[in-house]
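Contents: one structure, followed by commentary.
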Amino acid sequence: MGSLPHIVEDCMGILQVFSDGTINRCSLMDIDFNIPVVDDNSVAFKDVTFDKRHDLSLRLYKPKSANSNSKLPVVFYFHGGGFCVGSCVWPNCHNCCLRLSAGLHALVVAPDYRLAPEHKLPAPIDDAVSAVEWLQREALMSKSGDCDAWMGGTADFDRVFIVGDSSGGNMAHHLAVRLGAGSAKVAPVRVRGYVLLAPFFGGVERTRSEEGPCEALLSLDILDRFWRLSMPAAETRDHPLVNPFGPNSPNLEKVALDPILVIVGGNEILKDRVESYWRKLKDLGKKIEYVEFEGQQHGFLTADPYSEVSNEALQFIKRFMIENSN
């Protein structure tokens, strides 16, 4: 008799991969988040299917103070989770989107996307493009009044911003490259800028911060596990979707990009890699801003969106949106 299947990859008990290829993924009800939902009832939300073929939904958030006399900017929020775990309905992401909608006075669009290892890269990035194309369809239908009521009456399709946290930040980068400056491919939607919250990039060569101390909830072992599970088969961490400046990555010098704001915590494992990303794009003449919050660890804005430091980060995002709205 052969041996019984055993766990070969374990992502915090939420996702487990067994030796026979079986995958066990906890449902929302089975996860002990120990995170209360913080809802002051100032923002309404609802779920909408945006990709029937892949059974993907998104959650829309709208300030209850919104009215048809003033259009609101649209802010996409792509959650983190190493491409392997996470959902827009998880309480940490839900709290963050409530805060973004109220604090930025914006319509927030929080899509889910396919997860690894069942769906490896580039599936999540393809899903991000699909979510923006859903907004494009809504914008086109708004002219005849056939779009979602929240969108037709409130959304300013000419002021769209993409926010991505961790793996969502990686997706935001690749969206910026795919759509290019002006986002003509998804007209009349106009993406004005991208906010990358500690984007999840990698590389074969380690950075100093990656080799430094672990964070409370994140370690190099966890990062490597996420990459093993999410990368295409037989690839390395220098794959272009992992390392945007790897040996086989496209040359971004002649790629026109919309403005980018990068935010990272000073105590993050990913800090040096994120800072390097900023410096390289800046050296290429791209419009990119880097903000580092001393002493903060990975995911600080999503983990506690009502903290003092998160409020400060929110002000940077708000200023970035105002400066790039015209």
Side-chain angles (χ1 to χ4, degrees), residues 11-12 14-15 25-28 31 33 35 37-38 43 45-51 54-61 74-101 103-104 106-119 121-132 134-135 161-176 194-201 217-218 222-223 226-227 229-230 241 262-265 268 270 274 297-305 310 313-314 317:
C11 296
M12 300 163 287
I14 298 171
L15 168 68
R25 188 181 289 277
C26 288
S27 68
L28 178 65
I31 303 173
F33 289 102
I35 300 173
V37 172
V38 181
V43 174
F45 63 91
K46 66 178 180 179
D47 296 331
V48 177
T49 298
F50 74 91
D51 187 334
H54 295 121
D55 192 27
L56 292 173
S57 296
L58 54 79
R59 181 162 284 184
L60 289 178
Y61 297 81
V74 178
V75 174
F76 276 91
Y77 173 83
F78 290 101
H79 69 77
F83 297 112
C84 296
V85 298
S87 169
C88 65
V89 303
W90 280 20
N92 56 338
C93 296
H94 182 61
N95 284 339
C96 186
C97 289
L98 288 170
R99 184 73 184 99
L100 290 173
S101 183
L104 302 175
L107 275 169
V108 172
V109 181
D112 270 343
Y113 49 88
R114 287 172 291 168
L115 299 173
E118 300 95 322
H119 307 283
L121 289 164
I125 298 167
D126 292 340
D127 295 340
V129 173
S130 178
V132 178
W134 169 85
L135 185 67
F161 293 85
I162 309 287
V163 177
D165 182 24
S166 191
S167 53
N170 176 305
M171 294 161 63
H173 162 79
H174 289 291
L175 267 177
Y194 297 80
V195 179
L196 281 56
L197 306 174
F200 182 36
F201 297 130
L217 298 176
L218 198 62
I222 293 175
L223 296 183
F226 283 149
W227 286 130
L229 293 172
S230 63
L241 296 180
V262 179
I263 295 177
V264 69
E268 296 207 36
L270 292 172
V274 172
Q297 296 192 348
H298 193 65
F300 68 89
L301 180 58
T302 302
D304 188 0
S310 291
L314 202 66
I317 297 172

> Aromatic ring centroids of F83 and H119 under 6.0 Å?
Replying inline: no
> For L217, does the CG atom have more than 12 heavy-atom neighbours from other residues, nucleotides or ligands under 6.0 Å away?
Replying inline: no
>> Once ring pair (Phe, Tyr, Trp, His ring centres under 6.0 Å) is applied, do any residues pair with F76, and if so which ones, sequence neighbours excluded?
In response: F78
>> Distance check, rounded to the nearest 0.5 Å: S310 atom OG versus N95 atom CG?
In response: 11.0 Å
> Among all residues two or more places apart in sequence or in another chain, which pass the side chain to side chain donor-acceptor pair (under 3.5 Å) test with R114?
Replying inline: H54, D127
>> Once rounded to the nearest 0.5 Å, what's the spacing between atom CD1 of I162 and atom NE2 of H173?
In response: 14.0 Å
> Side-chain contact, heavy-atom cut-off 4.5 Å: F50 with L135?
Replying inline: no
>> Closer than 3.5 angstrom, by distance alone: can the side chain of D165 be matched with the main-chain N or O of G80 as a donor-acceptor pair?
In response: no
> How long is the gap from CZ on R59 to CG on D47, to the nearest 0.5 Å?
Replying inline: 4.0 Å
>> Which residues pass the side chain to side chain donor-acceptor pair (under 3.5 Å) test with S130, not counting sequence neighbours?
In response: D51
> Pick from T49, V89, D112: which one makes a side chain to side chain contact (heavy atoms under 4.5 Å, CB included) with S57?
Replying inline: T49
>> Applying side chain to side chain donor-acceptor pair (under 3.5 Å), can you list everything that pairs with Y61, at least two apart in sequence or on another chain?
In response: H94
> Which heavy-atom pair separates A128 from M171 by the least distance, and what is that distance?
Replying inline: CB-CE, 3.8 Å
>> In the structure I gave you, are the side-chain heavy atoms of N170 and L241 within less than 4.5 Å of one another anywhere?
In response: no
>> Is there a side-chain contact between I317 and F161 in this structure, where contact means two heavy atoms from C-beta onward sitting under 4.5 Å apart?
In response: no
> Do L107 and L60 come close enough that some side-chain heavy atom pair is under 4.5 Å?
Replying inline: no
>> Run the side-chain contact (heavy atoms from CB on, under 4.5 Å) test on L218 and E268 for me, step by step, so that the C-alpha distance in whole Å, both residues' side-chain angles and the decisive distance to 0.1 Å come before the verdict.
In response: CA-CA 9 Å; L218 198 62; E268 296 207 36; 5.8 Å; no
> Does S230 use its side chain to pair, donor to acceptor, with the backbone of F226 at less than 3.5 Å?
Replying inline: yes
> Considering all heavy atoms of both residues, which atom of V37 and which atom of L98 are nearest to each other, and what is their separation?
Replying inline: CG1-CD1, 4.5 Å
> Closest approach of I263 and A313, non-hydrogen atoms and distance?
Replying inline: CD1-O, 4.3 Å
> What are the two closest non-hydrogen atoms of G169 and P199, and how far apart are they?
Replying inline: C-CB, 3.8 Å
> Any luck finding a side-chain donor-acceptor pair between Y77 and T302 under 3.5 Å?
Replying inline: yes
>> Rounded to the nearest 0.5 Å, what separates atom CE in M12 from atom SG in C84?
In response: 8.5 Å
>> If the condition is salt bridge (Lys or Arg N to Asp or Glu O under 4.0 Å), which residues does D304 pass it with, not counting sequence neighbours?
In response: none
> Are any of the side-chain heavy atoms of Y113 and C88 separated by less than 4.5 Å?
Replying inline: no
>> For the OG atom of S87 and the NE2 atom of H79, what is their distance to the nearest 0.5 Å?
In response: 5.5 Å
> Which heavy-atom pair separates V264 from A198 by the least distance, and what is that distance?
Replying inline: CG2-CB, 4.2 Å
> What's the shortest heavy-atom distance between C26 and I31, and which atoms?
Replying inline: CB-CG1, 3.8 Å
> Between L270 and L223, is any pair of side-chain heavy atoms under 4.5 Å apart?
Replying inline: yes
> Rounded to the nearest 0.5 Å, how far does OH of Y194 lie from CG of L175?
Replying inline: 6.0 Å
> Does some side-chain heavy atom of V75 sit less than 4.5 Å from a side-chain heavy atom of V109?
Replying inline: no
>> With heavy-atom distances below 4.5 Å as the criterion, would you say the side chains of L314 and L100 are in contact?
In response: yes
>> Which residues pass the side chain to side chain donor-acceptor pair (under 3.5 Å) test with S166, not counting sequence neighbours?
In response: H298
